[in-house]
Amino acid sequence: MVHVTADLLAVLLEDAADAAPGSVSIRLTPTPAGEFDAHQPEVADLDPSTPVLTHFRLAAAGNTVSSIFGVEIGTPADGGGARFVSHPDGDATLTEADDLAAVVLVAVPPWTPEDVTAYDRAGEELDLTVVDAAPPEESLPE
């Protein structure tokens, strides 16, 4: 099962809609459920180690290798993490052309949460749960 916050999914779907007819491929990072405020019922019943997708990573400016070949040198060899990709052609099937990760969320028009399918690296469909919970507040170092 894959968990993603409703706010993150909304931002990703907006990006996909804005990019259409082009596609997007965005690296995602999780926060363990145990780091959320325990008073949020959507995550209170999850095992504290359960990863919940909460953030996306912007592509680094000037990352020529990634831009041309779709390879992120900084990504661990095991391909950990997750990725959001859009298929503006409406085909929700995971393809070899997609940037693969341990978990891949594939979105198709009309870009609603119901139009997102989760897959593992092998292309097996996974259950996707959207949680209405806010990740812990973070601040940038001064």
Side-chain angles (χ1 to χ4, degrees), residues 1-140:
M1 177 169 293
V2 178
H3 296 83
V4 62
T5 61
D7 289 343
L8 174 63
L9 191 57
V11 168
L12 295 170
L13 289 168
E14 185 175 312
D15 285 351
D18 289 347
S23 61
V24 298
S25 178
I26 302 169
R27 188 170 173 199
L28 307 176
T29 57
T31 300
E35 293 184 19
F36 284 75
D37 180 348
H39 298 292
Q40 297 182 82
E42 293 273 343
V43 292
D45 293 333
L46 296 176
D47 181 286
S49 65
T50 300
V52 178
L53 298 173
T54 54
H55 297 82
F56 62 91
R57 292 189 58 186
L58 296 173
N63 191 347
T64 307
V65 173
S66 178
S67 299
I68 296 172
F69 299 107
V71 176
E72 291 186 29
I73 301 301
T75 301
D78 68 2
R83 187 162 288 278
F84 173 87
V85 298
S86 65
H87 289 182
D89 63 1
D91 183 358
T93 307
L94 186 67
T95 70
E96 290 180 6
D98 291 320
D99 293 329
L100 298 182
V103 172
V104 181
L105 305 182
V106 178
V108 298
W111 314 117
T112 68
E114 293 77 25
D115 301 308
V116 179
T117 306
Y119 295 95
D120 67 11
R121 181 179 293 112
E124 296 295 320
E125 192 170 326
L126 302 170
D127 291 330
L128 179 63
T129 301
V130 179
V131 295
D132 189 15
E137 287 190 30
E138 297 176 310
S139 61
L140 296 173

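Each residue takes its place number in the sequence, starting with 1.
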Hey, does the side chain of Ser86 reach the backbone of Ala107 with a donor-acceptor pair shorter than 3.5 angstrom? no
Between Asp15 and Val24, which heavy-atom pair has the shortest distance, and what is it? O-CG1, 4.0 Å
Mind checking the CG-CZ spacing from Leu12 to Arg83? Nearest 0.5 Å is all I need. 11.5 Å
Got a second to check how far Phe84's CZ is from Leu28's CG, nearest 0.5 Å? 8.0 Å
Kindly give the heavy-atom pair with the smallest separation between Tyr119 and Ala92, and that separation in Å. OH-O, 2.7 Å
Considering all heavy atoms of both residues, which atom of Ala101 and which atom of Gly81 are nearest to each other, and what is their separation? CB-O, 3.9 Å
Decide yes or no for Val116 and Leu128: does some side-chain heavy atom of the first lie under 4.5 Å from some side-chain heavy atom of the second? yes
Pairwise distance CZ(Phe36) to OG1(Thr54) - rounded to 0.5 angstrom: 5.5 Å
Within the side chain of Asp120, is there an N or O that forms a donor-acceptor pair under 3.5 Å with the backbone of Gly123? yes
Could you check whether Arg57 and Thr29, counting side-chain N and O atoms only, form a donor-acceptor pair closer than 3.5 Å? no
So, Gln40 side chain and Ala134 main chain: donor-acceptor pair closer than 3.5 Å or not? yes
My understanding is that only one of Thr117, Asp98, Thr93, Thr95 makes a side-chain hydrogen bond (donor to acceptor under 3.5 Å, both in side chains) with His87; could you say which? Asp98
Take atom CG of Asp132 as the centre, draw a 6.0 Å sphere, and report whether it contains more than 12 heavy atoms from other residues, nucleotides or ligands. no
Residues at least two apart in sequence or cross-chain that pass side-chain contact (heavy atoms from CB on, under 4.5 Å) with Glu35, listed by chain then number, are Thr31, Pro32, Pro136
Would you call Val106 and Val104 a side-chain contact if the rule is heavy atoms closer than 4.5 Å? yes
With side chains defined as the heavy atoms from C-beta onward, is the minimum distance between Leu105 and Val2 less than 4.5 Å? yes
For residues 3-11, which side-chain donor-acceptor pairs fall under 3.5 Å, sequence neighbours excluded?
from, atom 1, to, atom 2, distance (Å)
Thr5, OG1, Leu8, N, 3.3

With Asp47 via side-chain contact (heavy atoms from CB on, under 4.5 Å) - residues at least two apart: Ser49, Thr50
With rounding to the nearest 0.5 angstrom, report the CE to CG distance, Met1 to Leu126. 9.5 Å
Going by heavy atoms in the side chains, are Pro109 and Asp115 under 4.5 Å from each other? no
Nearest 0.5 Å, please: how far is CD in Glu137 from CG in Asp37? 10.0 Å
